[in-house]
Number of protein chains: 2
Amino acid sequence: MRMAKGVEWALHTLLNLDMIGGGPVGSGQLAEAHGLSASYLNKQLQQLARAGLVVSVPGPRGGFRLARPLEAITLLDVVEAIEGSTQLFHCTEIRCCGKIGELSPPPTDTCAVNAAMRRAEEAWRQALAAQCLADIRGELDRVPMVRQVVRTVLE
Amino acid sequence: MRMAKGVEWALHTLLNLDMIGGGPVGSGQLAEAHGLSASYLNKQLQQLARAGLVVSVPGPRGGFRLARPLEAITLLDVVEAIEGSTQLFHCTEIRCCGKIGELSPPPTDTCAVNAAMRRAEEAWRQALAAQCLADIRGELDRVPMVRQVVRTVLE
DNA sequence: GGCTTACTACTCGGATACTGCTTGTCCGAGTTCAGGGGG
DNA sequence: CCCCCTGAACTCGGACAAGCAGTATCCGAGTAGTAAGCC
């Protein structure tokens, strides 16, 4: 049970896009900034574009730019954009299978195991939604040099 | 990012082991109760045994039985026993790679992105640790028939 | 009749294949820009 | 001198492989129970 590596890539890339300002930046440059695979990062950026977090500009001098300020992008937005779903536990209703399932009456309520796992996941989702990327940028700005470095690398 | 199916199997099996009472039950019977693969369920039970949630009894009339009451087994115990780790996000320190990494000074603090994800996961872990299997059994007992069915199936 | 002993059947336990998803790569569609030619 | 047209280069976008963790299976090690043989 590991989160896709693309989430980490997307988070850092979104932060970089914010520091550079408004102009679109190509996936090649963004990948080079952190030594990533350009094609694969491009794939993740397409996911972000579909989710409405970035907008893609085709053609030369094109690339990706933020669709909205970091204050309006939560960790949950990014995780859902990349992973597609934040549901960790998938109930297969095994309580209805096998000998126990045959002898038991068809259940009317939701599975208690499923409900308990859902409660825990909801706490995770809320914690993800409570943190926006602007908060992380705030921590990054404690070292003032990083902003300078990003602008130098991405021109 | 899906939780392993074995977690669901383990949770239902632990609940069944509690309803049956004290005697050890073989993985074959436990699997048949929910129409699962006996060999694979056995593998999960071994993980639970290593984690100290159940004790294994070898030989004929052997099997598995609970190592402690359901009040002392949390959802976190089960998830960690099966998954091995509850760390979803793995920071690969890409901030130190590529052009940005070369130009930036070696960081002293922990990655801000990593810290934010850890905070969210901690909320999940706490929600898992706050729920014990006895709570789930309490919900199951609302339908009094299930206890009867389990005892009939597992003899 | 009671004890010992060998055997059998049944269980866990770990080593061994298979499957699906994450990861990674490649090439085509579309667009902007530049340069040359014509009016 | 200005406008139009053609070409090229660069970008995104989706289709196509490789690697790995989760899934599933099988067979061997060990033990309790049983039944036969012996004292």
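Since this is a predicted model, take the numbers as computed values, not measurements. Sequence lines set the chain letters: A, B, ... in the order given, protein chains first and strands last, and positions in each chain run from 1.
- An end-to-end axis angle of 0° holds for the helix from dG1(C)-dC39(D) to dG39(C)-dC1(D), taken from five base pairs per end and rounded to 10°.
- For the salt bridge (charged side-chain N to carboxylate O under 4.0 Å, His left out) condition, the pairs that include at least one residue of residues 22-34 of chain A, sequence neighbours left out, are Glu32(A)-Lys99(B).
- Hydrophobic clustering (ILVMFWY, side-chain heavy atoms < 4.5 Å, transitive): Leu17(A) and Val57(A) are in distinct clusters.
- Among residues two or more places apart in sequence or in another chain, the side chain to side chain contact (heavy atoms under 4.5 Å, CB included) test is passed with Arg147(A) by Asp18(A), Met19(A), Arg137(A), Asp141(A), Arg151(A).
- Qualifying side chain to side chain contact (heavy atoms under 4.5 Å, CB included) partners for Arg50(B), counting only residues two or more places apart in sequence or in other chains: Gln46(B), Gln47(B).
- Residues that satisfy the side chain to side chain donor-acceptor pair (under 3.5 Å) test with Thr92(B), not counting sequence neighbours, are Glu8(A).
- Under the side-chain contact (heavy atoms from CB on, under 4.5 Å) test applied with Ile94(B), the options Leu11(A), Leu36(A), Thr13(A) reduce to a single match, Leu36(A).
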N/O-N/O pairs, protein side and nucleotides 21-24 of chain D side, under 3.5 Å:
from, atom 1, to, atom 2, distance (Å)
dG22(D), OP1, Met1(A), N, 2.6
dT23(D), OP1, Lys5(B), N, 3.2
dT23(D), OP2, Lys5(B), N, 3.4
dT23(D), OP2, Tyr40(B), OH, 3.3
dA24(D), N6, Lys43(B), NZ, 2.9

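- Side chain of Gln131(B) to backbone of Thr74(B): no donor-acceptor contact under 3.5 angstrom is found.
- Listed for the Glu121(B) side chain is a donor-acceptor partner under 3.5 Å among the backbone atoms of Leu88(B).
- Glu80(B) is linked by a side chain to side chain contact (heavy atoms under 4.5 Å, CB included) to Leu76(B), Thr86(B), counting only residues two or more places apart in sequence or in another chain.
- Glu102(B) pairs by the side chain to side chain donor-acceptor pair (under 3.5 Å) definition with nothing, not counting sequence neighbours.
- Taking a 4.0 Å limit (strictly below) on heavy-atom distances, residues 52-67 of chain B reaches DNA chain D at Gly59(B), Pro60(B).
- Residues satisfying the ring-ring contact (aromatic ring centres under 6.0 Å, His included) criterion with Tyr40(B), sequence neighbours excluded, are Trp9(B).
- Residue pairs meeting the salt bridge (charged side-chain N to carboxylate O under 4.0 Å, His left out) criterion with at least one member in residues 57-69 of chain A, sequence neighbours excluded: Arg68(A)-Asp77(A).
- With a cutoff of under 4.0 Å to any heavy atom of chain B, the contacted region of DNA chain C is bounded 5' to 3' by dA9(C) to dT22(C).
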